[in-house]
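Before any comments, here is the structure.
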Amino acid sequence: MYTVEMDLDEIEITILDDNGRYEDVKVFSYDDVVYIRQFNEKRNKWDLIQMSPEMYAELMTAWQSPEGAFVTNLNRKL
């Protein structure tokens with residue numbers, strides 16, 4: 001199960017483990033940065049990953065790709 005919430009400048013995606021084995025994963029997407037976080041019970045802290053929106057788009061594309069190395073064209077603004 002997942003939820004998507006949109007605010008003026010933020011998209012928040014929450015992915016829940018349907019089996020209850022893992023903590024929720026949250027994605028916070030802005031125009032210039034994407035954060036992925038998950039609570040780490042062993043450390044009692046959040047694990048946080050920061051990346052550009054382009055890197056996040058490549059991550060989503062990679063799920064549908066076969067094995068290999070790829071270059072993507074995301075129509076970047078110059």
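Residues Y2 and L16 approach most closely at CA-CD1, 4.4 Å, considering heavy atoms. Of all heavy-atom pairs between Y35 and V33, the closest is CE1-CG1, 3.6 Å. Minimum interatomic distance between S65 and F70 (heavy atoms only, all atoms of both residues): CB-CE1, 4.1 Å.
Between atom CE of residue M6 and atom CD1 of residue I13 there is a gap of 8.0 Å, rounded to the nearest 0.5 Å. Distance check, rounded to the nearest 0.5 Å: CD of Q38 to CG of D47 gives 7.0 Å. With values rounded to the nearest 0.5 angstrom, E23 atom CD is found 7.5 Å from W46 atom CH2. Residue M55 holds its CE atom at 9.5 Å from CD of Q50, rounded to the nearest 0.5 Å. Taken from CG in D17 to CE in M1, the straight-line distance is 12.5 Å, to the nearest 0.5 Å.
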* Report the C-alpha separation of F39 and N44 in whole Å, then their side-chain angles, then the decisive distance to 0.1 Å, and conclude whether the side chain to side chain contact (heavy atoms under 4.5 Å, CB included) test is met. => CA-CA 7 Å; F39 192 74; N44 199 31; 3.2 Å; yes
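Within the 4.5 Å cutoff, the side chain of I36 has heavy atoms near those of the M51 side chain. Side-chain contact between S29 and Y56: absent, with no pair of heavy atoms (C-beta onward) separated by less than 4.5 Å. Residues V27 and V34 form a side-chain contact, since some pair of their non-hydrogen atoms from C-beta on lies under 4.5 Å apart.
Around atom OH of Y22, no more than 12 heavy atoms belonging to other residues, nucleotides or ligands sit under 6.0 Å away. Residue F28 qualifies as enclosed at atom CZ: its count of foreign heavy atoms under 6.0 Å is above 12. More than 12 heavy-atom neighbours from other residues, nucleotides or ligands sit within 6.0 angstrom of CG on D7.
The main-chain N or O of S52 is never found under 3.5 Å from a side-chain atom of D32 such that the two would form a donor-acceptor pair. Looking only at distances, a side-chain donor or acceptor of N40 sits under 3.5 Å from a matching main-chain atom of R43. A donor-acceptor contact shorter than 3.5 Å is absent between the side chain of N19 and the backbone of R21.
Hydrophobic clustering (side-chain heavy atoms under 4.5 Å, transitive across Ile, Leu, Val, Met, Phe, Trp, Tyr) groups V25 together with I49. Both I15 and M60 are part of a single hydrophobic cluster, where members link through side-chain heavy atoms under 4.5 Å apart.
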